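Here's the structure, in structure tokens; my notes come after.
Below, each value reflects all heavy atoms present in this structure, side chains not excepted, and no hydrogens, waters or symmetry copies. Naming convention: chains lettered A, B, ... in sequence-line order (proteins, then strands); numbering from 1 in each chain. Everything numeric here is computed off the predicted structure, so don't read it as measured data.
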Amino acid sequence: MDLKISNTFSREKEILRPIDPEHVRLYVCGPTVYDYAHIGNARPAVVFDVLVRVLRRLFPRVTYVSNITDIEDKIIDRAKESGESIVSLTNRTAQIYREDMAAIGVLPPDVEPRATHHVPQMIALMEVLIAKGHAYVAEGHVLFAVPSMPEYGQLSRRDRDEMIAGARVEVAPYKKDPADFVLWKPSDADTPGWDSPWGRGRPGWHIECSAMAAEHLGETFDIHGGGLDLVFPHHENEIAQSRCAFGTGFMARYWMHNGFVVVEGEKMSKSLGNFYTVHELLEEWPGEVIRLLLLSAHYRAPLDFTKAGLREAKAQLDRLYQALELAKDVPTVQPHLELRNQERAMVGIDHPQAYYVAEALCDDLNTPLAISRLHSLASRLNKTQKEDKPSLKRTLLQGAELLGLLQSTPDAWFRGELDNIKPIEIERLIAARANARKAKNFAEADRIRDALKAKGIELEDGPAGTTCKRS
RNA sequence: GGCCCCGUGGCAGAGUGGUUAUGCAGAGGACUGCAAAUCCUUGUACAUCGGUUCGAUUCCGGUCGGGGCCUCCA
């Protein structure tokens with residue numbers, strides 16, 4: 001099965017053809033760590049996590065690199081304000097980021113490089129750029145000379161004159177050309193810095209990704225991803241740095257960008273205070289609910305993240321887990337064991353149902369369609385009484401795994417973390433209610449049911465007896 | 001000003017040149033002591049105006065409306 005992805009560079013949907021068909025390499029710009037990750041940071045993490053899950057099914061080997069930016073002026077400012085050391089601040093918030101992403105089902109990247117561990121590589125890169133005439137030194141800064149690269153601006157499709165005309169920031173006097181951007185800037189005594197051929201200083205924003213991508217993936221690789229806002233200038237500048245330093249015709253073959261998250265219909269902004277952190281959302285909602293909501297719109301479209309949306313995502317997961325609960329006695333082979341064998345089988349489909357969900361994802365990660373197919377499978381699983389139950393259940397679980405959903409068990413989903421009442425107490429009340437019902441004492445039966453409901457536990461009488469769920 | 005995106009039923013949100021998206025919410029029914037869950041049935045949907053076409057929500061153009069980027073930003 002071919003994987004089609006929208007390539008920002010060509011503005012077209014293209015079939016992914018890796019440089020090395022045996023080994024797909026991708027790089028996604030990760031967070032700058034100085035505070036709790038907000039929901040906007042979570043979207044690319046989740047979207048590209050799904051991409052990697054799909055890639056791992058399609059290709060023998062995948063290397064996924066996603067960085068952590070741990071040197072940046074916002075970090076420096078935050079550390080100064082709070083008095084916390086930069087190392088402590090970045091280690092602490094990076095750890096929270098990892099935990100929060102894990103909670104929403106994001107598998108760790110293969111490599112999670114940190115900018116501060118790659119300063120020598122950045123310096124080496126700049127030395128090459130200077131030697132080749134693509135960068136110059138001015139007043140302790142190293143700047144990239146944009147006019148030295150005629151193709152500059154291809155990704156964002158803007159030419160130099162437009163950029164200069166539209167610039168909202170005053171051009172620094174030491175720039176030879178107004179479009180030039182900073183690779184390295186000097187640090188004063190109480191600002192963190194590293195020794196370099198140009199004095200003590202620190203890297204500009206863009207050079208770190210060029211250095212880290214080259215270090216872990218090579219001079220060219222397959223896919224480069226990130227938020228839509230990174231197209232310009234960040235990715236444009238990465239391309240300039242990497243291509244000019246290595247003398248290559250491209251940096252990455254495919255560029256993928258996710259759309260923005262808006263919150264309750266308004267643009268998320270720190271000044272409005274209308275952003276949700278993943279951390280606070282996790283106090284109220286299961287991670288899968290947050291994940292499902294993030295995947296409920298196509299990744300390139302804007303996503304309105306709302307409390308109503310969270311409620312609906314929860315309802316959808318309840319429905320999917322309910323289907324699994326109803327089919328809990330249906331045997332199925334271990335999806336994980338099955339996956340290995342299917343990696344090769346993706347080409348040449350002889351069993352279309354098995355690829356029902358994968359097929360949707362292979363069309364430019366159409367997660368809303370994939371989710372609708374999960375529902376469709378759940379409906380069929382609920383309905384059928386025939387021998388196709390095991391295969392439907394397996395297809396549902398495998399499809400959900402590609403999306404990183406249904407990773408819990410119905411039991412844990414509906415009955416996990418009932419901390420205000422002991423399971424044995426619930427059992428006792430269910431038994432008492434069963435006796436009351438037998439004696440046609442429905443008033444007592446309903447009293448027990450209502451009492452449990454008040455504690456967040458809902459009882460359901462089925463053919464096989466009474467089951468409970470947390471509400 | 002330049003570049004780019006979007007406008008689908010109460011809500012969310014796919015997709016397609018002619019045939020049911022899907023889910024949530026709502027209505028009716030089956031089942032149930034009553035519920036819940038599940039199943040069945042149900043709703044004038046495709047901003048607007050032109051054009052192309054046998055036929056357009058789907059292609060083209062205009063209009064209106066909303067949004068993003070233009071060196072802080074996932």
Side-chain angles (χ1 to χ4, degrees), chain A residues 8 11 28-32 37-48 72-74 77 146 153 156-159 161-169 171-172 178-182 204-206 225-234 236-237 257-262 265 267-270 292-293 296-298 300-304 306 308-309 311-320 322-323 325-326 360 363 366-376 378-379 381-383 414 436-438 440-443 445-446 449-450 453 458-463 466-469 471:
Chain A
T8 306
R11 308 285 155 98
V28 173
C29 290
T32 300
H38 55 68
I39 196 65
N41 294 309
R43 171 125 97 146
V46 168
V47 163
F48 289 104
E72 215 263 335
D73 286 0
K74 268 189 302 237
D77 293 345
V146 169
S156 55
R157 302 207 174 174
R158 54 189 86 208
D159 65 38
D161 295 339
E162 285 167 3
M163 287 182 299
I164 294 161
R168 295 182 299 200
V169 176
V171 176
D180 293 350
F181 58 91
V182 171
W205 173 34
H206 317 297
L228 196 57
D229 53 325
L230 298 183
V231 175
F232 188 89
H234 185 53
E236 197 71 77
N237 291 352
H257 295 95
N258 64 274
F260 271 82
V261 177
V262 298
K267 186 184 160 145
M268 200 167 68
S269 94
K270 304 235 158 164
L292 178 60
L293 180 50
S296 67
H298 186 90
R300 278 181 295 118
L303 178 86
D304 193 3
T306 64
R311 281 190 291 274
E312 183 179 334
K314 165 75 162 53
Q316 289 202 34
L317 282 166
D318 280 344
R319 176 180 145 78
L320 295 172
Q322 179 69 22
E325 168 123 309
L326 293 171
D363 184 11
N366 193 336
T367 54
L369 185 61
I371 291 164
S372 80
R373 291 186 170 187
L374 252 29
H375 283 290
S376 164
S379 286
L381 183 58
N382 284 338
K383 266 183 275 196
F414 289 120
R437 291 179 71 207
K438 214 179 215 171
K440 301 258 191 272
N441 185 356
F442 296 121
D446 290 348
R449 186 167 64 192
D450 292 344
K453 188 167 185 178
E458 291 181 6
L459 297 187
E460 298 178 0
D461 302 323
T466 300
T467 58
C468 67
K469 287 177 179 174
S471 51

Closest nucleotide among B:C11, B:G33, B:G68 to the A:Glu312 side chain: B:C11
Partner nucleotide of [N] by Watson-Crick or wobble geometry (both distances under 3.5 Å):
N     : value
B:A35 : none
B:A45 : none
B:U71 : none

Using atom [atom1] in both nucleotides, what's the gap between [N] and [M] to the nearest angstrom?
N     : M     : atom1 : value
B:U8  : B:G66 : C1'   : 15 Å
B:A21 : B:G61 : P     : 28 Å
B:C24 : B:G13 : C1'   : 11 Å

Qualifying residues under ring pair (Phe, Tyr, Trp, His ring centres under 6.0 Å), relative to A:His234, sequence neighbours excluded: A:Trp205, A:His206
For nucleotides 35-42 of chain B, list the nitrogen or oxygen atoms of the protein found under 3.5 Å from its nitrogen or oxygen atoms, one pair per line.
residue, atom, partner, partner atom, Å
B:A35, N6, A:Asp461, N, 3.4
B:A35, N6, A:Asp461, O, 2.7
B:A35, N1, A:Asp461, N, 2.8
B:A35, N3, A:Arg449, NH1, 3.0
B:A36, O2', A:Glu460, OE2, 3.0
B:A36, N1, A:Asp461, O, 3.2
B:A37, O2', A:Gln322, NE2, 2.4
B:U38, O3', A:Asn382, ND2, 3.2
B:C39, OP1, A:Asn382, ND2, 3.2
B:C40, OP1, A:Lys383, NZ, 2.8

Partner set under side chain to side chain donor-acceptor pair (under 3.5 Å) for A:Asn382, not counting sequence neighbours: none
Nearest whole Å is fine: how far is [N] [atom2] from [X] [atom1]?
X        : N     : atom1 : atom2 : value
A:Leu292 : B:C24 : CG    : P     : 12 Å
A:Phe232 : B:C3  : CZ    : C1'   : 11 Å
A:Leu369 : B:U22 : CG    : C1'   : 9 Å

Pairing of A:Asp461 and A:Arg437 as salt bridge, 4.0 angstrom limit: yes
